[in-house]
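To keep things clear, I will list the structure first and then write my remarks on it.
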2 protein chains.
Amino acid sequence: MLKQILIVEDHPIVSDSLERIFSDPALNLKCIGAATGNKGLAFLNGNPIDLVILDINLPDISGIEFCKSAKTRFPGIKIVAVTTLAQRHVVEQMLDAGADGFILKTSDTDDIKHGVLQVLGNGELYLGKGVKDLIRGISSGNIELPMITRRESEILKLIADGLTNQEIGEKLFISPLTVDTHRKNLLLKFNARNTAILIKTAVSGGYIS
Amino acid sequence: MLKQILIVEDHPIVSDSLERIFSDPALNLKCIGAATGNKGLAFLNGNPIDLVILDINLPDISGIEFCKSAKTRFPGIKIVAVTTLAQRHVVEQMLDAGADGFILKTSDTDDIKHGVLQVLGNGELYLGKGVKDLIRGISSGNIELPMITRRESEILKLIADGLTNQEIGEKLFISPLTVDTHRKNLLLKFNARNTAILIKTAVSGGYIS
DNA sequence: TTGTAACTCCCCGAAAAAGGGGATTTTATT
DNA sequence: AATAAAATCCCCTTTTTCGGGGAGTTACAA
């Protein structure tokens with residue numbers, strides 16, 4: 001039976017490569033490309049797509065949002081994320097959003113092919129090379145990134161926007177002293193000695209958009 | 001005459017695509033791939049490479065360093081950067097380092113082909129779609145990122161690592177008051193009111209690795 | 001219901017950063 | 001040799017953060 005794959009990826013050079021991998025007649029697959037998340041979502045309506053190969057860095061919406069939307073509207077669809085982002089919490093967010101696979105772009109083309117075909121075949125979760133380690137935090141030089149609460153995340157973003165405790169307090173209708181407490185907890189959780197390294201870690205860890 | 005191209009790129013899926021583009025027998029080219037910057041540099045010794053297609057985000061050294069090394073040792077070699085990084089100062093740094101071309105990965109494969117062949121052919125500088133605008137700062141929602149000096153960059157990185165003015169002074173054998181002056185200049189240049197937003201802007205602007 | 005995690009608020013003092021000056025020496029570049 | 005840019009150093013005051021405490025209130029789960 002012919003199955004259809006949608007490739008959501010804004011780099012033609014990558015989507016070309018993907019299309020070629022899965023255009024082998026022996027596989028009996030059909031590939032369609034979409035350059036943005038919204039185009040991809042639009043295409044899902046009315047087209048019987050079996051699996052989506054998804055880049056997380058898209059020009060319009062994030063791959064995580066795409067995944068949530070797609071899975072909500074088409075629960076049967078399979079989604080495999082293929083990305084450069086080798087960050088633990090990104091993987092976790094994608095899996096929470098319902099992704100069926102996660103493969104790094106540093107992977108061999110055979111790995112990518114194998115992973116996608118496995119998800120398409122038996123529906124099992126597939127994690128590419130290095131991804132499992134990433135989740136366990138074993139990864140190369142990966143300082144374990146902390147879990148932060150909703151309020152902490154909110155305050156972290158405002159700190160990164162340059163607001164003082166005073167201003168954040170006014171914005172959130174809480175005491176600046178409370179903001180200070182959250183701030184101290186953030187420093188503790190990130191094992192940061194001051195705001196500078198806190199923000200650096202948080203930005204490069206993807207806590208701040 | 002047969003010309004040789006070295007592809008320095010850590011994503012097999014991308015280098016596959018590039019190899020395929022330039023493997024057209026009519027072009028009379030030979031492609032070799034290298035997955036890391038150091039492997040690429042090592043390969044240049046003893047192999048008559050005419051042009052390097054270079055990714056800027058490499059696992060070991062940065063594309064900018066690669067470019068400088070390669071151009072110093074082999075002034076005749078042509079280098080075309082192909083990257084996702086659509087940031088003005090990255091383009092500027094690459095061109096300063098001697099790059100002969102700069103193409104974004106969002107470009108069509110034909111653009112990439114055309115650009116590389118042009119550089120290889122007449123040796124002219126080639127800037128891909130959107131890159132020229134980037135330099136002029138016309139780019140979509142691009143807040144103009146400032147030019148900073150070597151010393152400022154050095155101090156910026158140390159600030160981001162969580163060091164205080166005192167500690168930075170000790171490390172660089174200068175007075176903490178001097179560090180403070182540089183710090184104030186950084187705040188001015190980045191139009192930042194405090195360290196938090198300074199670091200956020202700097203990290204997401206690619207000033208800090 | 002009995003924790004426990006999250007959120008809230010407060011105290012103190014010390015350290016660091018920010019805002020606003022001024023001024024001299026190096027180092028390129030023309 | 002002259003100019004400009006970069007780097008260096010110093011003063012002052014005020015604001016903000018940091019370190020190290022304590023403590024009450026939801027809200028939700030075992």
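Since we're looking at a predicted model, the values are computed, not measured. Labels below follow one simple rule: chain letters A, B, ... track the order of the sequence lines, proteins then strands, and each chain is numbered from 1.
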- Item | Nearest-Å distance for atom pair CG/C1', residues A:L187 and C:dA15 | 14 Å

- Note on the structure: NZ of B:K68 to CZ of B:R73, rounded to nearest 0.5 Å, is 14.5 Å

- Task: Would you please confirm or rule out a distance under 4.0 Å between OP1 or OP2 of C:dA6 and any side-chain N or O of A:R150?
- Result: no

- Note on the structure: From NE2 of A:H182 across to P of C:dC9 the rounded distance in Å is 8 Å

- Residue pair B:D108, B:K129: steps toward the salt bridge (charged side-chain N to carboxylate O under 4.0 Å, His left out) verdict: CA-CA 9 Å; B:D108 211 76; B:K129 257 190 180 171; over 6 Å; no

- Query: Can A:T195 and A:R183 be counted as having a side-chain donor-acceptor contact under 3.5 angstrom?
  - Reply: yes

- Message: Can you tell me which nucleotide in C:dA17, D:dG19, D:dT17 comes closest to the side chain of A:T164?
- Response: D:dT17

- Roughly, in whole Å, what's the span from CG in A:L172 to C1' in C:dT8? 13 Å

- Query: How would you label the contact of A:T181 with the nucleic acid (heavy atoms, under 4.0 Å): base, sugar-phosphate, or nothing?
  - Reply: base

- Message: Without decimals, in angstroms, what is the distance between A:N185 CG and D:dC18 P?
- Response: 13 Å

- Message: Could you walk me through whether A:F102 and A:Y126 satisfy the ring pair (Phe, Tyr, Trp, His ring centres under 6.0 Å) test, starting with their C-alpha distance in whole Å, then the side-chain angles of each, then the deciding distance to 0.1 Å, before giving a yes or no?
- Response: CA-CA 6 Å; A:F102 202 106; A:Y126 182 85; over 10 Å; no

- Message: Both A:S175 and B:R193 contact DNA chain C. Taking the nearest nucleotide for each, which residue is further toward the 5' end?
- Response: A:S175

- Task: Select one nucleotide: of D:dG19, C:dA17, C:dC10, the one nearest the side-chain heavy atoms of A:K184.
- Result: D:dG19

- Take the protein atom CG of A:L188 and the nucleotide atom C1' of D:dG19, then report the distance between them rounded to whole Å. 10 Å

- Item | Axis bend over the full length of the helix from C:dT1-D:dA30 to C:dT30-D:dA1, computed from five pairs that close each end, to 10 degrees | 60°

- Task: For B:I155 and for B:D180, find the nucleotide of DNA chain D with the closest heavy atom, then tell me which residue's nucleotide is more 5'.
- Result: B:I155

- Message: Using the rule side chain to side chain contact (heavy atoms under 4.5 Å, CB included), only one of B:L198, B:T149, B:T181 pairs with B:L186; which is it?
- Response: B:L198

- Query: Checking all strands, does B:T178 fall into the base, sugar-phosphate, or nothing category for heavy-atom contacts under 4.0 angstrom?
  - Reply: base

- When the nearest nucleotide of DNA chain D is assigned to B:N194 and to B:R151 on a heavy-atom basis, which residue is associated with the more 5' position? B:R151

